[in-house]
Q: 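Below is the structure I would like to discuss, written out as structure tokens.
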Amino acid sequence: MGDVPGSAAEVFGAGLPDAERFAALLERHGVERGLIGPREVDRLWERHLLNSAVIGECVPKGARVVDVGSGAGLPGIPLAIARADLELTLVEPMARRVEWLTEVVDELDLDVRVIRGRAEERAVRAEVGEVDVVTARAVAPLARLAGWCLPLLREGGMMLALKGASARDEIARDATAVARAGGGEAKVSECGVGLVEVPTTVVIVERIRPRTPAQGKRRRNTVGARPKRAG
């Protein structure tokens, strides 16, 4: 796993001991339980824990946050450790990963809820409600992600999608699908500049009021309409 980076204390603050315990759990069980690849063990801090936690820069204080497709607990668990003020829910469909997430939450005594299911399921949406922020890391292309995540947000809430070098290409390719799902113009932000070796690239999409079919129909009906004659 290597030494704990000096920036970890700044990122996690009082939660650093819990971050170290989470890293130890991933090192001990991550590969055998299919949560991370063998080559990831030596770069847990930079590539996974810090990479996840620094997105807290984009999350408002006291926000209600849902981490979709949480998997090994990334970015949800590091974010919960670094930001104890957040109300955090992890959503994951696979039973063995839900079991892992529940174990970690219990082991670290985190005030985090774990829900088994998919973000697009009606039951999950009903249980989660409308939240302030939805996060997702290595889950799906932006178009599908928008369709799953944006309905979980209140109007004005934000989807934070952790992406790689292809972020801007995805934004250009999937702009129409994002708008159709109720998203505003996607923007790219870099989190952790000066704290991590490679800043985390985050695509931010605000949930706006989607145009209803009725609104579209009214707009179409007025185009080219003849004015009524006076008298």
Side-chain angles (χ1 to χ4, degrees), residues 5 7-16 18-19 22-23 26 36 40 43-92 101 104-105 108 110-114 119 128 131-142 145-146 148-150 152-154 156-168 170-171 178 183-207:
S7 59
E10 186 173 348
V11 172
F12 288 104
L16 181 58
D18 282 340
F22 179 51
L26 274 176
I36 58 173
E40 302 305 305
R43 48 185 183 177
L44 282 177
W45 283 99
E46 281 288 341
R47 187 175 176 85
H48 299 292
L49 274 74
L50 291 171
N51 175 274
S52 295
V54 293
I55 69 167
E57 296 173 5
C58 298
V59 181
K61 184 174 177 60
R64 293 165 299 152
V65 182
V66 172
D67 184 28
V68 167
S70 197
L74 305 166
I77 295 293
L79 183 59
I81 293 171
R83 292 285 304 277
D85 60 293
L86 303 178
E87 183 182 319
L88 217 139
T89 299
L90 311 179
V91 174
E92 168 58 45
L101 293 171
V104 170
V105 167
L108 302 183
L110 297 175
D111 186 15
V112 171
R113 182 169 57 153
V114 179
V128 167
V131 300
D132 304 306
V133 176
V134 175
T135 61
R137 181 181 191 257
V139 173
L142 194 59
L145 207 56
W148 296 342
C149 296
L150 291 176
L152 296 174
L153 291 164
R154 62 168 174 79
M158 297 183 299
M159 177 179 77
L160 306 180
L162 283 70
K163 293 289 183 179
S166 64
R168 286 180 172 79
E170 280 198 57
I171 288 174
V178 170
E185 183 181 355
K187 301 175 182 178
V188 176
S189 180
E190 288 192 336
C191 298
V193 175
L195 291 172
V196 291
E197 186 175 337
V198 179
T200 303
T201 301
V202 181
V203 174
I204 304 174
V205 179
E206 181 183 354
R207 171 74 189 272

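Computed from a prediction, not measured in an experiment: that's the story for all the values here. In what follows, residues are counted from 1 in the order of the sequence shown.
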Q: What residues, two or more places apart in sequence or in another chain, satisfy side chain to side chain donor-acceptor pair (under 3.5 Å) together with E170?
A: K163

Q: Keeping to residues at least two apart or across chains, list the side chain to side chain donor-acceptor pair (under 3.5 Å) pairs with something in residues 191-201.
A: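 The answer is N51-T200.
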
Q: Not counting sequence neighbours, which residues clear side chain to side chain contact (heavy atoms under 4.5 Å, CB included) with A186? List them please.
A: I171, V203, V205

Q: Which heavy atom of L44 sits nearest to which heavy atom of A23, and what is that distance?
A: CD1-O, 3.6 Å

Q: Could you check I77, L110, V68 and say which one makes a side chain to side chain contact (heavy atoms under 4.5 Å, CB included) with L90?
A: I77

Q: Taking the side chain as everything from C-beta on, heavy atoms only, tell me whether H48 gets closer than 4.5 Å to R137.
A: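 Yes, their side chains come closer than 4.5 Å.
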
Q: Does the side chain of E46 reach to within under 4.5 Å of the side chain of V196, using non-hydrogen atoms?
A: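 Yes, their side chains come closer than 4.5 Å.
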
Q: Could you tell me whether the side chain of S52 reaches within less than 4.5 Å of the side chain of L79, counting heavy atoms only?
A: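 No. Closest side-chain heavy atoms not under 4.5 Å.
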
Q: How about L26 and L49: do any of their side-chain heavy atoms sit closer than 4.5 Å?
A: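 Touching, per the 4.5 Å side-chain cut-off.
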
Q: Can you confirm whether V133 sits close enough to V66 that some side-chain heavy atom of one is under 4.5 Å from a side-chain heavy atom of the other?
A: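 SC-SC contact between V133 and V66 ruled out.
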
Q: Between A72 and L101, which heavy-atom pair has the shortest distance, and what is it?
A: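 Closest heavy-atom pair between A72 and L101: C-CD2, 3.9 Å.
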
Q: Tell me if the CZ atom of R168 is crowded by more than 12 foreign heavy atoms within 6.0 Å.
A: no

Q: What's the verdict on side-chain contact (heavy atoms from CB on, under 4.5 Å) for M159 and L142, showing C-alpha distance, side-chain angles and the deciding distance?
A: CA-CA 10 Å; M159 177 179 77; L142 194 59; 3.8 Å; yes

Q: May I ask you to decide if L150's main-chain N or O and R207's side chain share a donor-acceptor pair within less than 3.5 Å?
A: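 Confirmed, R207 side chain pairs with L150 backbone.
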
Q: Please report the closest heavy-atom contact between A8 and L50, naming both atoms and the distance.
A: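 Between these two residues, the closest heavy atoms are CA-CD2, 3.9 Å.
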
Q: Please identify each residue that fulfils side chain to side chain contact (heavy atoms under 4.5 Å, CB included) with V198, with sequence neighbours left out.
A: none

Q: Please examine the side chains of L74 and F22, heavy atoms only from C-beta on, and report whether any two atoms are closer than 4.5 Å.
A: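 The answer is yes; the side chains approach within 4.5 Å.
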
Q: Does any N or O in the side chain of R83 come within less than 3.5 Å of the main-chain N or O of P60, such that one atom is a donor and the other an acceptor?
A: yes

Q: Applying side chain to side chain contact (heavy atoms under 4.5 Å, CB included), can you list everything that pairs with A53, at least two apart in sequence or on another chain?
A: V11, F12, P78, A82

Q: Under the side chain to side chain contact (heavy atoms under 4.5 Å, CB included) rule, collect the residues that match up with D111, sequence neighbours excluded.
A: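 Applying side chain to side chain contact (heavy atoms under 4.5 Å, CB included) to D111 gives none.
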
Q: If you count every heavy atom of other residues, nucleotides or ligands that lies below 6.0 Å from E40 atom CD, does the total exceed 12?
A: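 Buried by this count: over 12 neighbours within 6.0 Å.
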
